[in-house]
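In what follows, a structure is listed as structure tokens, so that the remarks can point back to it.
A, B, ... follow the sequence lines: proteins, then strands. Residue 1 opens every chain. The figures here come from the full heavy-atom set of this structure, side chains too, leaving out hydrogens, waters and symmetry mates.
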Amino acid sequence: MRHWLFKSEPDTWSWDQQCARGALGEEWVGVRNYQARNLMRAMAVGDLGFFYHTQSDKAVVGIVEIMAPAHPDSTAPGGVWDCVDLRAVRALPRPVTLAAIKACAELADMPLVKSPRLSVQPVTDVQWAIICKMGGLD
DNA sequence: GCCAACGTTGGC
DNA sequence: GCCAACGTTGGC
């Protein structure tokens, strides 16, 4: 299983809103970046991802699961853009802030640190484990 | 609110 | 196909 990270502006689509969708999940629409789209195309059902809040929070706040593989984004006419479907799995007991991630030498290579504008990012198994632990999960 | 970084666009 | 200009993003 591979791991990912999804960025969202809480004013646009928040973790609370994602949780409110429950098992129904939600289509991760709106991605208009080829690199991010290609990453979504590489995702498999059952893969897990971090849910990251930009803006004031700037923290990983929860874990989501890919429910459906990449399929055309209905909000983008033309069929160029794809989205995946995500459901909330659980919140992190303690959100892991960007400041905490930057303070950890082992996380210095994360796109979150190096390419903060990429809206969908890959996460290595090691990075996943470290952030889960920092977030209060075993 | 500012600014740096990045992706996209369009003229040549 | 190159590159300057522009718009957008996100951290500070």
Side-chain angles (χ1 to χ4, degrees):
Chain A
M1 181 206 298
R2 298 176 69 184
H3 297 107
W4 313 95
L5 182 143
F6 298 86
K7 281 188 335 186
S8 187
E9 301 178 18
D11 288 348
T12 304
W13 184 252
S14 70
W15 172 246
D16 285 346
Q17 287 173 291
Q18 182 72 51
C19 287
R21 295 292 295 159
L24 289 174
E26 184 75 8
E27 292 183 313
W28 199 256
V29 295
V31 172
R32 300 291 183 269
N33 171 281
Y34 289 104
Q35 195 178 349
R37 183 201 65 182
N38 293 341
L39 289 168
M40 289 197 291
R41 288 181 174 178
M43 293 176 186
V45 173
D47 282 357
L48 298 178
F50 287 130
F51 192 107
Y52 176 81
H53 271 169
T54 59
Q55 295 178 347
S56 54
D57 272 12
K58 292 195 287 287
V60 175
V61 293
I63 291 174
V64 291
E65 178 183 5
I66 284 80
M67 295 176 64
H71 58 88
D73 180 340
S74 60
T75 69
V80 174
W81 301 111
D82 286 356
C83 62
V84 293
D85 296 2
L86 301 180
R87 71 171 184 90
V89 174
R90 64 178 303 177
L92 290 187
R94 281 182 287 118
V96 178
T97 65
L98 180 62
I101 288 170
K102 285 186 169 179
C104 177
E106 291 167 287
L107 301 178
D109 288 336
M110 288 188 73
L112 207 54
V113 177
K114 291 191 162 180
S115 313
R117 291 183 53 182
L118 186 59
S119 60
V120 175
Q121 309 186 356
V123 175
T124 68
D125 291 348
V126 171
Q127 291 161 354
W128 181 267
I130 292 172
I131 291 173
C132 282
K133 191 173 182 183
M134 290 169 75
L137 297 176
D138 291 321

*Do you know the tightest heavy-atom contact between A/W15 and A/V89?*
CH2-N, 4.3 Å

Under 3.5 Å, which protein N or O atoms sit close to an N or O of nucleotides 8-12 of chain C? Give each pair with its distance.
from   : atom 1 : to     : atom 2 : distance (Å)
C/dT8  : O2     : A/R117 : NH1    : 3.2
C/dT8  : O2     : A/R117 : NH2    : 3.0
C/dG10 : OP1    : A/K7   : NZ     : 2.1
C/dG11 : OP1    : A/Y52  : OH     : 3.2
C/dC12 : OP1    : A/K102 : NZ     : 2.6

*With distance as the sole test, does A/R94 use its side chain to make a donor-acceptor pair with the main-chain N or O of A/M134 at under 3.5 Å?*
yes

*Calculate, to the nearest 0.5 Å, the distance between atoms CH2 and CD1 belonging to A/W28 and A/I66 respectively.*
10.5 Å

_Test your reading of the model: is there a side-chain donor-acceptor pair from A/D73 to the backbone of A/V29, 3.5 Å cut-off?_
no

Indicate every side-chain donor-acceptor pair of residues 97-117 of chain A with a distance under 3.5 Å to a residue at least two apart or in another chain.
from   : atom 1 : to     : atom 2 : distance (Å)
A/T97  : OG1    : A/A100 : N      : 3.0
A/D109 : OD1    : A/K114 : NZ     : 3.2

